[in-house]
J.: 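Pasting in a structure now, in structure tokens, and then I'll have a few things to ask.
Hydrogens, waters and symmetry mates play no part in the numbers below; they use all other heavy atoms, side chains included.
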Amino acid sequence: MLGFGKRQDAINGVPAVSAKLCTDRFNGKYPHVGLYDCSQSKVWVAKPLNGQAIRTSHAALITGADNATSTVWKDRFLCFWFYTPRSGEGYILGYPIDWDEAHLLVRIDREWDYDRQRVIPPELTDQIEQNLARQHRHAERIWEFFKRGSYDYPMNLHLIGQRATDSQFYLKRLESKPKGK
């Protein structure tokens, strides 16, 4: 009545991705952050947001709570960053990156199980390896989402852990697709 819209809250106390800030489509034209919903196997991409999509906090993309609570709820989602060519700079955890190409950086965590929502103690190495294998499969699904696009630039996949030794740089590469194919 007064122009106030309904707030899109989390459903049954479960975090939800904001449809106002995110989409499940991408045209390849802007750098952005995104979320992968592990429970639904769904990729969410931040909308252009007036050129600020790469600077947006992952937690801000989750509805139903203030930013502090969203930060906790974010642990259900794998976070990623997509940089179009020449939109990034510098090193990633001390590793040199060719910023003339596109880069998909997917955050991984050895000791956090996104699927079961629990911490894995560091001494349980077999469970940590299984957890990393699941996160690797999730990253593959994110990669497949981006591979479906038609980009005129090469693209690389990196898995980014807490330290460079936990990361995998240039894990996959996709050459640019010629126009019209």
Side-chain angles (χ1 to χ4, degrees), residues 17 21-49 51-62 71 74-115 119-120 122 125 127-177:
V17 175
L21 300 175
C22 296
T23 181
D24 59 0
R25 293 176 181 81
F26 179 60
N27 61 14
K29 295 184 179 174
Y30 62 97
H32 64 274
V33 298
L35 297 168
Y36 178 78
D37 187 332
C38 295
S39 67
Q40 296 180 0
S41 298
K42 185 164 177 82
V43 175
W44 291 99
V45 172
K47 291 179 179 177
L49 306 173
Q52 299 301 309
I54 195 67
R55 293 187 178 99
T56 303
S57 138
H58 288 96
L61 304 178
I62 302 168
T71 302
K74 181 175 66 85
D75 290 338
R76 170 179 147 194
F77 302 93
L78 274 176
C79 299
F80 64 86
W81 299 259
F82 185 86
Y83 290 91
T84 54
R86 293 169 291 290
S87 62
E89 62 181 37
Y91 295 87
I92 303 291
L93 296 174
Y95 197 89
I97 300 294
D98 179 1
W99 292 108
D100 287 334
E101 299 178 346
H103 297 277
L104 173 61
L105 286 66
V106 179
R107 173 81 165 92
I108 59 171
D109 189 331
R110 302 170 47 79
E111 296 171 8
W112 178 253
D113 188 331
Y114 291 93
D115 297 300
V119 174
I120 302 172
T125 55
Q127 289 185 27
I128 286 177
E129 293 306 317
Q130 292 169 358
N131 181 46
L132 286 172
R134 280 191 303 278
Q135 289 181 33
H136 191 277
R137 286 191 297 274
H138 290 320
E140 291 276 344
R141 291 182 193 106
I142 299 167
W143 176 251
E144 290 300 318
F145 171 87
F146 284 98
K147 277 179 55 179
R148 288 193 297 264
S150 184
Y151 316 121
D152 60 350
Y153 48 77
M155 182 172 62
N156 301 285
L157 171 64
H158 310 273
L159 301 182
I160 307 299
Q162 293 179 353
R163 299 175 300 273
T165 55
D166 296 332
S167 303
Q168 294 179 313
F169 297 97
Y170 290 95
L171 180 64
K172 294 200 175 258
R173 179 177 175 79
L174 179 68
E175 294 298 331
S176 58
K177 296 179 182 176

J.: Check whether the ring centres of His136 and Tyr114 lie less than 6.0 Å apart, and answer yes or no.
T.: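 Not under 6.0 Å, so no.
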
J.: Say whether, by atom type as modelled, one donor and one acceptor occur between the side chain of Tyr95 and the main chain of Ser167 under 3.5 angstrom.
T.: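 Answer holds: no.
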
J.: Taking Ala60's backbone N and O only, do any of them form a donor-acceptor pair with Ser57's side chain (distance below 3.5 Å, no angle check)?
T.: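 Looks like yes, one N/O pair under 3.5 Å.
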
J.: Give, for atom OH of Tyr30 and atom NZ of Lys47, the distance between the pair rounded to the nearest 0.5 Å.
T.: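 One gets 9.0 Å once the value is rounded to the nearest 0.5 Å.
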
J.: So, does His58 use its side chain to make a donor-acceptor pair with the main chain of Phe80 at under 3.5 Å?
T.: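 Answer holds: yes.
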
J.: Supply the atom-to-atom distance Cys38 SG to Asp115 CG, rounded to the nearest 0.5 angstrom.
T.: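 Between Cys38 SG and Asp115 CG, I get 5.0 Å after rounding to 0.5 Å.
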
J.: Check whether any side-chain heavy atom of Leu61 sits under 4.5 Å from a side-chain heavy atom of Cys22, and report yes or no.
T.: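 Leu61 vs Cys22: side chains touch.
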
J.: Could you tell me whether a side-chain N or O of Gln135 sits under 3.5 Å from a main-chain N or O of Trp112, the two making a donor and an acceptor?
T.: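 Pair found, side chain donor or acceptor close to backbone of Trp112.
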
J.: Do Asn156 and Glu101 have side-chain atoms, one donor and one acceptor, less than 3.5 Å apart?
T.: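 Yes, side-chain donor-acceptor contact under 3.5 Å.
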
J.: Got a second to check how far Lys147's NZ is from Leu174's CG, nearest 0.5 Å?
T.: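 So the gap between those two atoms works out to 6.5 Å.
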
J.: What distance separates Ile142 CD1 from Cys79 SG, expressed to the nearest 0.5 Å?
T.: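 These two atoms lie 9.5 Å from each other.
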
J.: Taking C-beta and beyond as the side chain, do Glu111 and Ile128 meet within less than 4.5 Å on heavy atoms?
T.: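 They are in contact (side-chain heavy atoms under 4.5 Å apart), so the answer is yes.
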
J.: Compare all side-chain heavy atoms of Phe169 with those of Ile92 and state whether any distance is below 4.5 angstrom.
T.: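 Yes, side chains in contact.
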
J.: Do Asn131 and Arg110 have side-chain heavy atoms sitting under 4.5 Å apart?
T.: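 No, too far: nothing below the 4.5 Å cut-off.
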
J.: Thinking salt bridges, do Asp37 and Lys42 make one under a 4.0 Å N-O criterion?
T.: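 Result for this pair is no, no salt bridge flagged.
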
J.: Look at the rings of Phe82 and Phe26 and say which category their plane angle falls in: under 30° parallel, 30 to 60° tilted, over 60° perpendicular.
T.: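 The arrangement is perpendicular - the two ring planes meet at more than 60°.
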
J.: Which of these, Tyr153, Tyr91, Tyr83, sits in a ring pair (Phe, Tyr, Trp, His ring centres under 6.0 Å) with Trp99?
T.: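 The residue from Tyr153, Tyr91, Tyr83 that satisfies ring pair (Phe, Tyr, Trp, His ring centres under 6.0 Å) with Trp99 turns out to be Tyr83.
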
J.: Is atom CD of Glu89 surrounded by more than 12 heavy atoms (other residues, nucleotides or ligands) closer than 6.0 Å?
T.: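 Atom CD in Glu89 is not crowded, with 12 or fewer foreign heavy atoms closer than 6.0 Å.
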
J.: What do you reckon, are the aromatic ring centroids of His158 and Tyr170 less than 6.0 Å apart?
T.: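 They qualify: ring centres under 6.0 Å apart.
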
J.: Do the side-chain N and O atoms of Arg76 and Ser39 include a donor-acceptor pair separated by under 3.5 angstrom?
T.: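 On atom types as modelled, these side chains qualify, holding a pair under 3.5 Å.
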
J.: Looking at every heavy atom in both Ile108 and Asp166, which two are closest together, and how far apart are they?
T.: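 In this case the closest contact between Ile108 and Asp166 is CD1-O, 3.4 Å.
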
J.: With the side chain counted from C-beta on, respond yes when Ile160 and Val106 share a heavy-atom pair under 4.5 Å apart, and no when they do not.
T.: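 Ile160 vs Val106: side chains apart.
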
J.: I would like to know whether Arg25 and Val45 meet side-chain contact (heavy atoms from CB on, under 4.5 Å); could you show each step before the answer?
T.: CA-CA 7 Å; Arg25 293 176 181 81; Val45 172; over 6 Å; no

J.: When you look at Leu21 and Thr56, which way does the side-chain contact (heavy atoms from CB on, under 4.5 Å) test go after all the steps?
T.: CA-CA 10 Å; Leu21 300 175; Thr56 303; 5.6 Å; no

J.: Walk me through it: do His32 and Trp81 pass the test side-chain contact (heavy atoms from CB on, under 4.5 Å)?
T.: CA-CA 6 Å; His32 64 274; Trp81 299 259; over 6 Å; no

J.: Can you tell me how far CG of Leu132 sits from CZ of Arg137, rounded to the nearest 0.5 angstrom?
T.: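 Those atoms lie 11.0 Å apart.
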
J.: Please step through side-chain contact (heavy atoms from CB on, under 4.5 Å) for the pair Thr84 and Lys29, ending with a clear verdict.
T.: CA-CA 7 Å; Thr84 54; Lys29 295 184 179 174; over 6 Å; no

J.: Please report the interatomic distance NE2(His103) to CZ(Arg173), rounded to the nearest 0.5 Å.
T.: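 Going from the NE2 atom of His103 to the CZ atom of Arg173 covers 8.5 Å.
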
